[in-house]
Amino acid sequence: MKLAEVIEMLDQAYPPRLAEGWDSVGLVCGDPAAEVERVLVCVDVTADVVDAALARDAQLVIAHHPLLLRGVDTVAASTPKGALIHRLIRGGCALFTAHTNADRARGGVNDALAATLGLQVTGPVEYLDAQPRLDRWGVMVPPAQADEVLAAMFEAGAGEVGEYSECAWRVDGVGQFRPGASANPAIGATGELTTVVETRVELVAARGRRAEILAALRDAHPYEEPAHDVIELVDGDREWGLGRVGALPEPLPLTAFTEHVANALGAPARAAGDPGALIRTVAVCGGAGDSLLGAVARLGVDAYVTGDLRHHPVDEHLRAGGPALIDAGHWGTEFPWCGAVAELLWPFLEVAVHEPPTDPFTVRAAPAADA
């Protein structure tokens, strides 16, 4: 395959638009027109990873963490990261990064982590700001006033779908109603059954705009009581966002669940919380996840698995009654994604996962029993 074709597959799986504004994702070095046969997938681009890629004669390294991120003004071979770039280029090996876009995308870092832990995923921890939860509005209106009512609802924020605005669907039908004795009908008379040709218009809107849209509808509609309905749309196939929430096949005490996390990920894990507390529902976030502690606490889950947790945020979280916390490290919670990338590309390319941990913490020691 051409490198450009591989990039297209990766961009479809992990859309670059999902990345944080500060992030650096995509092709770092390499010729999109070059042929690719062998790929190495890793979390971090280290000297050992470059050695392994060149030893395999790989034409592409796919990494989760950007090698070049903030404040890069040189890739000179005399700098540590520049030296790796030069070695890759000389070896005919491209470098591609999928970072926060892979964190958010379906099938990305967090889905891979949840699957490794055996969770049945039900949703994200935090939705994408760019894709708010949606309502579908249905409104009955006389055909002559349909444009006016739609225009008012559009002005209030309804009818926006991605890069398109003023989106709606309409169909004509026959409605009926019988005004009560104290009603002041615009059409028909009190006490009499009235039938009238009406247009039903349907359009979507962000759930947070309900009040403004309802006010605009009432102001523009000719009826005293506009007939309308609002249906909350399920999240369906939307790109969800950060973290995942799921359930275990059967509950486990925190102690046993922590052991399960360590065994499943092949990485050390530590927990904070009541050792005997039963864990049924679990939130996960690969990498450094303490920014989601507040969101996780509001979800009401029993435990949260992530990495890089700090003493004081954990202490404050538990004091506030938050769920148990399991820290399985940054590398440990992100490494399962490498297997997901390999599975994506295996039908087309020869793919290997760099399995030796690239966690910078390489030595661990426990205190002696009599310490």
Side-chain angles (χ1 to χ4, degrees), residues 23-24 40-53 55 61-72 79-84 87 95 97-100 102-103 108-110 112-114 116-117 242-243 254-255 257-273 275 282-293 296 303-318 324-342 352-369 371:
D23 203 1
S24 176
L40 183 66
V41 187
C42 64
V43 175
D44 306 281
V45 183
T46 64
D48 287 344
V49 167
V50 173
D51 288 343
V61 170
I62 300 172
H64 180 50
H65 289 151
L67 178 63
L68 307 175
L69 190 56
R70 299 183 181 90
V72 175
T79 63
K81 293 184 176 181
L84 298 181
R87 289 187 61 204
L95 173 60
T97 300
H99 191 210
T100 52
D103 289 333
V109 170
N110 288 299
L113 173 57
T116 302
L117 297 181
L242 288 175
L254 177 58
T255 300
F257 178 63
T258 306
E259 293 174 355
H260 166 68
V261 170
N263 291 331
L265 299 181
R270 56 180 183 170
V282 180
V284 302
C285 181
D290 61 3
S291 64
L292 294 181
L293 286 175
V296 167
Y304 176 39
V305 179
T306 187
D308 291 355
L309 291 176
R310 296 171 294 158
H311 177 96
H312 293 296
V314 169
D315 180 59
E316 293 169 5
H317 169 87
L318 294 179
L325 302 176
I326 297 91
D327 186 335
H330 201 118
W331 178 87
T333 54
E334 292 182 332
F335 178 70
W337 172 76
C338 296
V341 177
V353 171
H354 187 78
E355 295 188 356
T358 54
D359 188 334
F361 294 97
T362 56
V363 178
R364 295 176 176 87

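With Thr333 contributing its side chain and Ala328 its backbone, the two residues share no donor-acceptor pair below 3.5 Å. Side-chain atoms of Asp103 do not come within 3.5 Å of backbone N or O of Val109 as any donor-acceptor pair. No donor-acceptor pair closer than 3.5 Å links the side chain of Lys81 to the backbone N or O of Leu68. Listed for the His260 side chain is a donor-acceptor partner under 3.5 Å among the backbone atoms of Leu117.
For the pair Ala63 and Val45, the tightest heavy-atom approach, listed with the atom from each and the gap, is CB-CG2, 3.5 Å. Between Ala283 and Val296 the shortest heavy-atom distance is CB-CG2, 4.1 Å. Nearest heavy-atom pair, Pro336 versus Gly332, reported as atom, atom and distance to 0.1 Å: CD-O, 3.5 Å. Here the closest non-hydrogen pair linking Cys42 and Val61 is SG-CG1, 3.9 Å. For the residue pair His354 and Ala52, the shortest heavy atom distance occurs at ND1-CB, 3.8 Å. Nearest approach of Ser24 to Thr97, heavy atoms of both residues: O-CG2, 3.8 Å.
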Self-check item: Leu69 and Asp23: CA distance, side-chain angles, deciding distance, side-chain contact (heavy atoms from CB on, under 4.5 Å) verdict
Solution: CA-CA 7 Å; Leu69 190 56; Asp23 203 1; 3.9 Å; yes
Quiz item: Going through the distances and angles, do Asp359 and Arg364 end up as a side-chain contact (heavy atoms from CB on, under 4.5 Å)?
Solution: CA-CA 12 Å; Asp359 188 334; Arg364 295 176 176 87; 3.1 Å; yes
Practice problem: Show your reasoning for whether side-chain contact (heavy atoms from CB on, under 4.5 Å) applies to Asp308 and Asp290. | Solution: CA-CA 8 Å; Asp308 291 355; Asp290 61 3; over 6 Å; no
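Once rounded to the nearest 0.5 Å, the distance linking CG of Asn110 with SG of Cys285 reads 5.0 Å. One finds the CG atom of Leu113 at 14.0 Å from the CH2 atom of Trp337 (value rounded to the nearest 0.5 Å). Separation of atoms CD (Glu334) and CG (Leu265) is listed at 11.5 Å; rounding is to 0.5 Å. Atom-to-atom distance recorded for Leu325:CG and Leu318:CG is 5.5 Å, nearest 0.5 angstrom. Note that the CG atom of Asn263 and the OG1 atom of Thr116 stand 13.0 Å from one another [nearest 0.5 Å]. For the atom pair Leu293 CG and Leu309 CG, the distance stands at 6.5 Å (nearest 0.5 Å).
For His65, the ring pair (Phe, Tyr, Trp, His ring centres under 6.0 Å) partners are His99, His330, not counting sequence neighbours.
Looking only at side-chain heavy atoms (C-beta outward), Val305 and Phe257 come within less than 4.5 Å of each other. Using a 4.5 Å heavy-atom threshold, the side chains of Val284 and Tyr304 count as separate. Using a 4.5 Å heavy-atom threshold, the side chains of Asp51 and Thr46 count as separate. The closest side-chain heavy-atom distance from Leu40 to Ile62 is not below 4.5 Å. The shortest side-chain heavy-atom distance between Asp48 and Pro356 does not fall under the 4.5 Å cut-off. Contact of the Leu292 side chain with the Thr306 side chain is not registered, since no non-hydrogen atoms from C-beta on lie closer than 4.5 Å. At least one side-chain heavy atom of Asp44 sits under 4.5 Å from a side-chain heavy atom of Trp331. At least one side-chain heavy atom of Phe335 sits less than 4.5 Å from a side-chain heavy atom of Val353.
Using a 4.0 Å cut-off between a side-chain N of Lys or Arg and a carboxylate O of Asp or Glu, Arg310 and Asp315 do not qualify as a salt bridge.
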